[in-house]
Amino acid sequence: MEVIPIKKKHILMIISTLLLLGGAIAAFVFFFIQRDVGEETDESTRLPIISFKLGEDLEVNPLHGYLQEMDITTMRDAVIATGGTHSLTMYIDAPEKTKVKSVEYEIKDLSCSEVLESGDFVPEKMEDGRLTQTFRFGDFWRDQAEVELCLTVTLSKDEKVYYYTRLTRSPALNTYNCAAFAEEFCKKAVDRGNGGYISGYMEPNELSDKNTYANVTMNSSVDQALWGELAPTEPENITCTIKETKEAYTSLVLQYTVTCNGLDPARTMHVEEFYRVRTGDVGMFMLSFERTVEEVFDEVRGTSGSKGIELGITGNKTSFCSDYDSTHLAFAKDGQIWLYNKDLNAITCVYQGAVRSREYFTKSTSSVFPVSVNAKGELIFVVVGYQDNGELEGQNGIRVCSFSEETREVETIIFLSSTQGEEFLEYKESDSIYYNRGDGEVYLIWENALIKISGENGDVSIISNEPEARCVMSVESGYAAYPAPNGAGGLIVLNMVSGESRTITSSMNESLLAIGFINEDFVYGVKADKDAKPDESGEDVIPMYKIIIEDREGTVLKTMENEDVFYLDAYTDSKMVTLMQAKLEAGHYVSNGEDYITNNEAADSRSVEKGHWTDEKRLNVIRLEYSDGLTSQSAAIKKVINVESKYLTVALDDSLPKKEVELYYAYGYGRLLGIFEKAGEAITAADEYRGVVVKNDGTYVWERGNRDLVYEIEDVNVADVPEGKLDLSGVLAEQLCYVINQDKPIRAKVSADTEYLLYGYDNENFSYLNLKTKEAGEISIEEADRLFGAAGRIFYAD
């Protein structure tokens, strides 16, 4: 099996309302439910879909409904502008069997601490069978730049369904023009006769990958933007979701389907495009563009190759696993889970999300990952996020499922419900969950803690919850490692199959850090207290000075130690360790590139690898390759049968207090990029994608580009030194301008004994007060960046 994790260094992984690890185990409630799950490929849905009218002819922001009230600050997927009329038209698409009795709405501030307006109504019937309602809002929140709209739809039998979006009311927005431009661009891009139009918005450079259609950006070639020789049809089933809309720009995501007739036979592609657009005096300006393409998997063509399973045009985050000799191969593709049996040359679609009755709801809102599969064809997989079909439709959480090739049955083993948005759940992937088939126990790593959930009665045990520590897991080998309790500095390696463990002790004034596993071999680092010194941002760190690899018996296989080399961080995948190196310069640690440790034996022992090959028309194509090839005959297609499933649900007691900690969410290109403890780290991440940073109370901290070109805070003096609640350390000087534009002076370290208070800027300079001499002055942004960088880029605001 191979697990493809996404490592996010320096990021706090948190889903606070799923597990509050310091609380009592009694905070979790559990129950067994006998349910008819039905066919996992069941396309039926019963909950309404809500969308909104934009301008005269656009429909945007499809919302799916939740059966529990959600943490609204994590539900910021879409925003809609009410415009100068301060009105909004809403559509409700309900399946014929679903009756809508009434709708209630609340307008709340971004922190959700105050209800600004509320009301209820019974929606009218339209001629085409859709329900509609036009809101005409009051003046209670005219001073709010952005608010939350919370909708509660009551169905028959008084069932409540909850929907969430943001509202903005500025009359100066050009949201409609930006959305209309994006739709025009995507439609013109499929016609090579529009090359002149498309080239006017592209900015090709030599650094972009010219050999792929899976990911196309503004820096790709014009030919890639025009789909090369794929000859796609006009986009079908276009959906538009507005992510951000400001006077300076609008960010949005389009999703649609095309059929590429330039291929023989023709192939269908699911497409997602991100646009960041603004209007100008002479037309539209495209500030950012990214197109991602997923070729729809065809089980007939995909299994007829001689080398492996052809996935076609797809991203590099392909998740797959296999049994020991790779007889059974499970993989995720475009919201589906497939299982291939090489000996039988048979393939099964084990799971797929619901297909909505209206055209534009064909894409699942959840992510799926195979976890493990054994020689008997017993597969464990997870569905993370919004559950869009079956008895769990409308629930949100992590669904652990099993499939038996012998019985053809899919069962839900356990469902971990959460009130956090699906993006926050998807932030952790399949390498965080392990299911022990023997006794039904589920192991989960969340918030850097290791938890065990009993499959017999739902009891939750917190195995490790050491502050500032790291737990790691190998789903492939069934091992986990976590810090020894009570700050002992050592590590415990746990066999999750047998329940047995061993302890690795640390020397005096040293501590151990779990890095990960390469198959059953454990990798960890050694830190010495004496090595504590500041890094490039000025923060004190203790790097690892030695890396050790041990086998499952504790025998040391390899040691890496060099007196001139330190390691700030490290992570593993199934075949390699990546080490983030540093060197000591002038009393602080400076990054010094990456180093790698590979496990050639692990690579040689596997007979399935992810491979790339170049197709004449499709360019880079992904294939799961067998070392001994396939039969070149299309696989037999197996079906999943209906099954009754008795599963365990574990939910959090909402009465428990939440953790009082400030976190910063970085968003960019229409998605959550990371969760950070420091604002500066979040800004650095968001700036790469021209995104935004939001605090966990819903308020904005930083945006790329949405600021005045010249600004100065009035009446600033040396008494206005910030207390330092907002840690901006690590950012570039230019990135500070947005914060100043919010009337927040910034304390910036210039040297060991000098700090500036920045209170204004223009296109070239900062205005500042020298906190040591009390004198005012100006400094160029370029020179300030050099000085601040030499001093460690240490910045604070309130």
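Excluded from the calculations below are hydrogen atoms, water molecules and symmetry mates; all remaining heavy atoms, backbone and side chain alike, are included.
- A donor-acceptor pair is defined here as one N or O able to donate and one able to accept, closer than 3.5 Å; no such pair exists between the side chain of R502 and the backbone of L494.
- In this structure, the side-chain contact (heavy atoms from CB on, under 4.5 Å) partners of L67, at least two apart in sequence or on a different chain, are R46, L47, E159, V161, Q395.
- Taking each heavy atom of P48 and L155 in turn, the nearest pair found is CG-CD2, 3.9 Å.
- For the residue pair Y164 and C150, the shortest heavy atom distance occurs at CD2-SG, 4.0 Å.
- Although no hydrogens or angles enter the test, the distance criterion places no donor-acceptor pair under 3.5 Å between the side chain of R301 and the main chain of D298.
- A 4.5 Å side-chain heavy-atom check between Y667 and E423 finds at least one atom pair inside the cut-off.
- Counting heavy atoms from C-beta on, the side chains of T257 and T268 come closer than 4.5 Å.
- Nearest heavy-atom pair across T572 and G516 is OG1-CA, 3.5 Å.
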Next item on the list: Please test K243 against D77 for salt bridge (charged side-chain N to carboxylate O under 4.0 Å, His left out), starting from the C-alpha separation and ending with a verdict.
Entry: CA-CA 6 Å; K243 299 292 186 176; D77 189 56; 2.5 Å; yes

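- Contact record, L648 with S454: CD2-O, 3.5 Å, taken as the closest heavy-atom pair.
- For the residue pair E393/Q387, the side-chain donor-acceptor check at 3.5 Å is not satisfied.
- Counting only distance, with no hydrogens or angles, the side chain of T348 and the backbone of V350 share no donor-acceptor pair below 3.5 Å.
- With sequence neighbours left out, K342 forms a salt bridge (charged side-chain N to carboxylate O under 4.0 Å, His left out) with D628.
- Counting only distance, with no hydrogens or angles, the side chain of D521 and the backbone of R552 share no donor-acceptor pair below 3.5 Å.
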Margin query: Determine whether L329 and L339 satisfy the following criterion, side chain to side chain contact (heavy atoms under 4.5 Å, CB included), listing intermediate values before the conclusion.
Written below: CA-CA 6 Å; L329 171 65; L339 180 64; 6.0 Å; no

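- Listed by chain and residue number, nothing satisfies the ring pair (Phe, Tyr, Trp, His ring centres under 6.0 Å) test with F415 (two or more places apart in sequence, or in another chain).
- Evaluation of the side-chain contact (heavy atoms from CB on, under 4.5 Å) rule for K160 yields E104, T152, T154, Y162 as partners, not counting sequence neighbours.
- The shortest distance between side-chain heavy atoms of I49 and L63 does not fall below 4.5 Å.
- Applying the salt bridge (charged side-chain N to carboxylate O under 4.0 Å, His left out) test to E299 and every residue at least two apart in sequence or in another chain returns nothing.
- With sequence neighbours excluded, no residue forms a salt bridge (charged side-chain N to carboxylate O under 4.0 Å, His left out) with D439.
- A side-chain hydrogen bond (donor to acceptor under 3.5 Å, both in side chains) with E405 is found for one member of H328, K376, K638 and no other, namely H328.
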Next item on the list: May I have the step-by-step check of side-chain hydrogen bond (donor to acceptor under 3.5 Å, both in side chains) for E609 and Y626, ending in yes or no?
Entry: CA-CA 7 Å; E609 298 289 340; Y626 283 83; over 6 Å; no

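- Smallest separation of non-hydrogen atoms from T98 and A94: O-CB, 3.9 Å.
- Under the ring pair (Phe, Tyr, Trp, His ring centres under 6.0 Å) criterion, Y66 pairs with H64, Y386, sequence neighbours left out.
- In this structure, the side chains of V153 and I50 come closer than 4.5 Å at one or more pairs of heavy atoms.
- Partners of F403 according to the ring pair (Phe, Tyr, Trp, His ring centres under 6.0 Å) rule, which considers only residues two or more places apart in sequence or in another chain, do not exist here.
- Side chains of T73 and M75 form no contact here, defined as non-hydrogen atoms less than 4.5 Å apart.
- Under a 4.0 Å N-O distance rule, the pair D459/K452 does not qualify as a salt bridge.
- In this structure, a donor-acceptor pair under 3.5 Å is absent between the side chains of R437 and S402.
- Taking the six-membered ring where the residue is Trp, the centroids of Y665 and F424 are separated by under 6.0 Å.
- Remark: side-chain polar atoms of N396 are paired, donor with acceptor, to backbone N or O of Q420 under 3.5 angstrom.
- Remark: Y479 engages no residue in a ring pair (Phe, Tyr, Trp, His ring centres under 6.0 Å) (not counting sequence neighbours).
- With 3.5 Å as the limit, one finds a donor-acceptor pair spanning the side chains of N215 and E290.
- Partners of A635 under the side-chain contact (heavy atoms from CB on, under 4.5 Å) rule, at least two apart in sequence or in another chain, are T303, Y340, N345, I347.
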Next item on the list: Test side chain to side chain contact (heavy atoms under 4.5 Å, CB included) on V253 and E273 and set out the steps.
Entry: CA-CA 6 Å; V253 170; E273 292 180 340; over 6 Å; no

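- There is a side-chain donor-acceptor pair under 3.5 Å between T314 and E294.
- When side chains are defined from C-beta on, I380 does not count as touching C401, because their heavy atoms never get closer than 4.5 Å.
- For the atom pair E378 CD and S404 OG, the distance stands at 5.5 Å (nearest 0.5 Å).
- Screening F320, F297, F381 for a ring-ring contact (aromatic ring centres under 6.0 Å, His included) involving F331 leaves a single residue, F297.
- Nearest approach of F522 to A514, heavy atoms of both residues: CZ-CB, 4.0 Å.
- Remark: the backbone N or O of N519 is paired with a side-chain donor or acceptor of S477 at under 3.5 angstrom.
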Checklist line | Check against side chain to side chain contact (heavy atoms under 4.5 Å, CB included), Y351 and R399 | finding: CA-CA 12 Å; Y351 175 87; R399 179 180 175 188; 4.1 Å; yes

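- Two residues are said to be in side-chain contact when any heavy atoms from C-beta on lie closer than 4.5 Å; F517 and V472 meet this criterion.
- Although no hydrogens or angles enter the test, the distance criterion places no donor-acceptor pair under 3.5 Å between the side chain of T419 and the main chain of M70.
- Y434 and E441 form no side-chain donor-acceptor contact under 3.5 Å, judged by distance and modelled atom types alone.
- In this structure, CG in L630 is found 9.5 Å from OG in S304, a value given to the nearest 0.5 Å.
- A distance-only check finds no donor-acceptor pair linking the side chain of T412 to the backbone of I414 [under 3.5 Å].
- Applying the side-chain contact (heavy atoms from CB on, under 4.5 Å) criterion to E310, with sequence neighbours excluded, gives R267, E295, W613, R618, V621.
- Distance alone, capped at 3.5 Å, is enough to place a donor-acceptor pair between the D323 side chain and the T327 backbone.
- With contacts defined as side-chain heavy-atom distances shorter than 4.5 Å, the pair S607/S322 does not qualify.
- Scanning for salt bridge (charged side-chain N to carboxylate O under 4.0 Å, His left out) contacts around E625 gives R623, with sequence neighbours left out.
- Here the straight-line distance linking atom CD of E411 with atom OH of Y647 works out to 12.5 Å at 0.5 Å rounding.
- Side chain of Y324 to backbone of N374: no donor-acceptor contact under 3.5 angstrom is found.
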